[in-house]
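Just so you know, residue 1 is the first one in the sequence shown, and it goes up from there.
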Amino acid sequence: MPDEDLEMELDQQLNTLRRNAVEIISEPELVAKLREGRPLRVKLGMDPTAPDLHLGHTIALKKLSDFQRLGHTVIFLVGDFTAMIGDPTGRSEARPALSAEQIKQNAQTYQAQVFKILEQRNTELRFNSEWMDQMRAGELIKIAARISVARLLERDDFEQRLEQQKPLFLHELLYPLIQGYDSVALRADVEIGGTDQKFNMLVGRELQRAFGQPAQVVITLPILEGLDGTRKMSKSLRNYVSLVEPAEEMFGKLMSISDPLMVRYYELLTDLSAQEIAGIKSGAVHPMEAKKRLAFTLVSRYHDSSAAAQAREYFETK
């Protein structure tokens, strides 16, 4: 392929991968990896701490799908081992422990739901219990020797707990270490996740260097606000839209959001062009009609167009 064509293809890939990205650490490293001309290994990990995925999870899944469409190897990592610890990110106290049975059940529902977005035949589905269950205590100590306690305590939520004299448990300090080691085990070229996962993903970069691997590129993505428009979408806050809830409920919830939040959802959850979204922002489309279009688009994606049409009719006639 001529050099000009290669550069054009590279620019097209970068434009796709930059969309909605908050930060790429670092873009020159990503460009260098893309120039190698091989499929990159792109990792997204999620802990099965609840049975359902919601629209907030789909931002990272959509970015994983972008890599998939560009011909890269995508790895959806089910954190069944890390779920036993519980991600301490953003927590003012330790998470309650889940039973092995709960984690197993949740992991099964995750597998069904992610393939609403990803192509199953081209997705590498992995579980971090594959290597962590086999790991001896001595091996874990060797990994722990690669990261200092001072480095782990740089996390804002850990610092805040210590300042407030709240308990910080040893197993919570292990969480970013184990998530980081997942990148070593998978030889990840890229890891994607929400902005709240930045610290954990950077630990992955450090551990890869320590184990003689090239450091992964980290791509952070926005955190989606819930239906209230202020707090992070979360099942515990009851401000979420699940991917598996009935079409009529999904449609109705999306019609309840504010106009500014509607624009935000268009930007993060749909494939509309910047020009089309600008038209919605400008008021060229009546907000009620724009909101119906958003609800129809998302219900169609996670159910089908027939279910979306029925949900719209139900909303308009109830």
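In this structure a side-chain-to-backbone donor-acceptor pair under 3.5 Å is present from H57 to H54. In this structure a side-chain-to-backbone donor-acceptor pair under 3.5 Å is present from E276 to S273. Checked by atom type and distance alone, the side chain of Q208 pairs as donor or acceptor with a backbone atom of Q216 at under 3.5 Å. Between the R301 side chain and the L269 main chain, a donor and an acceptor come within less than 3.5 Å of each other. A donor-acceptor pair under 3.5 Å links the side-chain atoms of E245 to the main chain of S242, judged by distance alone. Between the side chain of Y266 and the backbone N or O of L261, no donor-acceptor pair lies under 3.5 Å. Of the possible donor and acceptor atoms, none in the side chain of Y175 sits under 3.5 Å from a partner among the backbone N and O of A83. Panel note: side chain E248, backbone F315; no donor-acceptor pair is recorded below 3.5 Å. Panel note: side chain R41, backbone I75; no donor-acceptor pair is recorded below 3.5 Å. In this structure, the side chain of Y240 does not engage the main chain of L55 through any donor-acceptor pair within 3.5 Å.
Grouping Ile, Leu, Val, Met, Phe, Trp and Tyr residues whose side-chain heavy atoms lie under 4.5 Å apart, directly or via other members, places M201 in a hydrophobic cluster with I25, L202, V218.
By the neighbour-count criterion of 12 heavy atoms within 6.0 Å, atom CZ of R18 is densely surrounded, having more than that number from other residues, nucleotides or ligands. For Q165, the CD atom sits in a loose shell: 12 or fewer heavy atoms of surrounding residues, nucleotides or ligands are nearer than 6.0 Å. Summarising the local packing, CD of Q275 is surrounded by 12 or fewer heavy atoms from other residues, nucleotides or ligands at distances under 6.0 Å.
With values rounded to the nearest 0.5 angstrom, Y265 atom OH is found 8.5 Å from S258 atom OG.
Salt bridge status for E29 with R205: present, with a side-chain N to carboxylate O gap under 4.0 Å. Contact check on K235 versus D52 returns a salt bridge, with a Lys/Arg side-chain nitrogen under 4.0 Å from an Asp/Glu carboxylate oxygen. A salt bridge links K33 and D189; the closest N-O separation between the charged side-chain nitrogens and carboxylate oxygens is under 4.0 Å. Between E23 and K198, at least one side-chain N (NZ, or NE/NH1/NH2) sits under 4.0 Å from a carboxylate O, which counts as a salt bridge. Here R161 pairs with E172 in a salt bridge; the nearest charged N to carboxylate O distance falls below 4.0 Å. Using a cut-off of 4.0 Å between Lys/Arg side-chain N and Asp/Glu carboxylate O, E267 and K281 are scored as salt-bridged.
Residues forming a salt bridge (Lys or Arg N to Asp or Glu O under 4.0 Å) with R231 (at least two apart in sequence, or on another chain): D228.
Hydrophobic clustering (ILVMFWY, side-chain heavy atoms < 4.5 Å, transitive): L44 and L77 are in distinct clusters. The cluster map of Ile, Leu, Val, Met, Phe, Trp and Tyr, joined by side-chain heavy atoms under 4.5 Å apart, puts I257 and M288 in the same cluster.
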Q.
Apply side-chain contact (heavy atoms from CB on, under 4.5 Å) to residues Y302 and T58 and explain how you reach the verdict.
A. CA-CA 11 Å; Y302 301 114; T58 67; 3.4 Å; yes

Q. So M255 and K292, side-chain contact (heavy atoms from CB on, under 4.5 Å) or not? Walk me through it.
A. CA-CA 7 Å; M255 291 302 299; K292 286 181 183 179; 3.7 Å; yes

(Q) Would L224 and K232 count as a side-chain contact (heavy atoms from CB on, under 4.5 Å) here? Give the steps. (A) CA-CA 6 Å; L224 186 69; K232 172 184 175 179; over 6 Å; no

Q) How far apart are the C-alpha atoms of E124 and V74, what are their side-chain angles, what is the distance that settles it, and do they pass the side-chain contact (heavy atoms from CB on, under 4.5 Å) test? A) CA-CA 6 Å; E124 193 174 309; V74 302; over 6 Å; no

Contacts table for residues 59-67: side-chain donor-acceptor under 3.5 angstrom, sequence neighbours left out:
unit_1, atom_1, unit_2, atom_2, d
K62, NZ, D271, OD1, 2.8
K63, NZ, T16, O, 3.0
K63, NZ, L17, O, 3.2
K63, NZ, R19, O, 2.8
K63, NZ, D66, OD2, 3.3
S65, OG, R69, NH1, 3.0
D66, OD1, R69, NH2, 2.5

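Listed by first then second residue, pairs satisfying salt bridge (charged side-chain N to carboxylate O under 4.0 Å, His left out) with a partner in residues 128-149 read R126-E130, not counting sequence neighbours. Pairs engaging residues 208-221 under the salt bridge (charged side-chain N to carboxylate O under 4.0 Å, His left out) rule: none recorded [sequence neighbours left out]. Screening residues 107-120 for side-chain hydrogen bond (donor to acceptor under 3.5 Å, both in side chains) gives E119-N122 as the qualifying pairs, with residues at least two apart or on separate chains.
No cation-pi contact links R293 to F296, judged by a cut-off of 6.0 Å to the six-membered ring centre and 45° from its axis.
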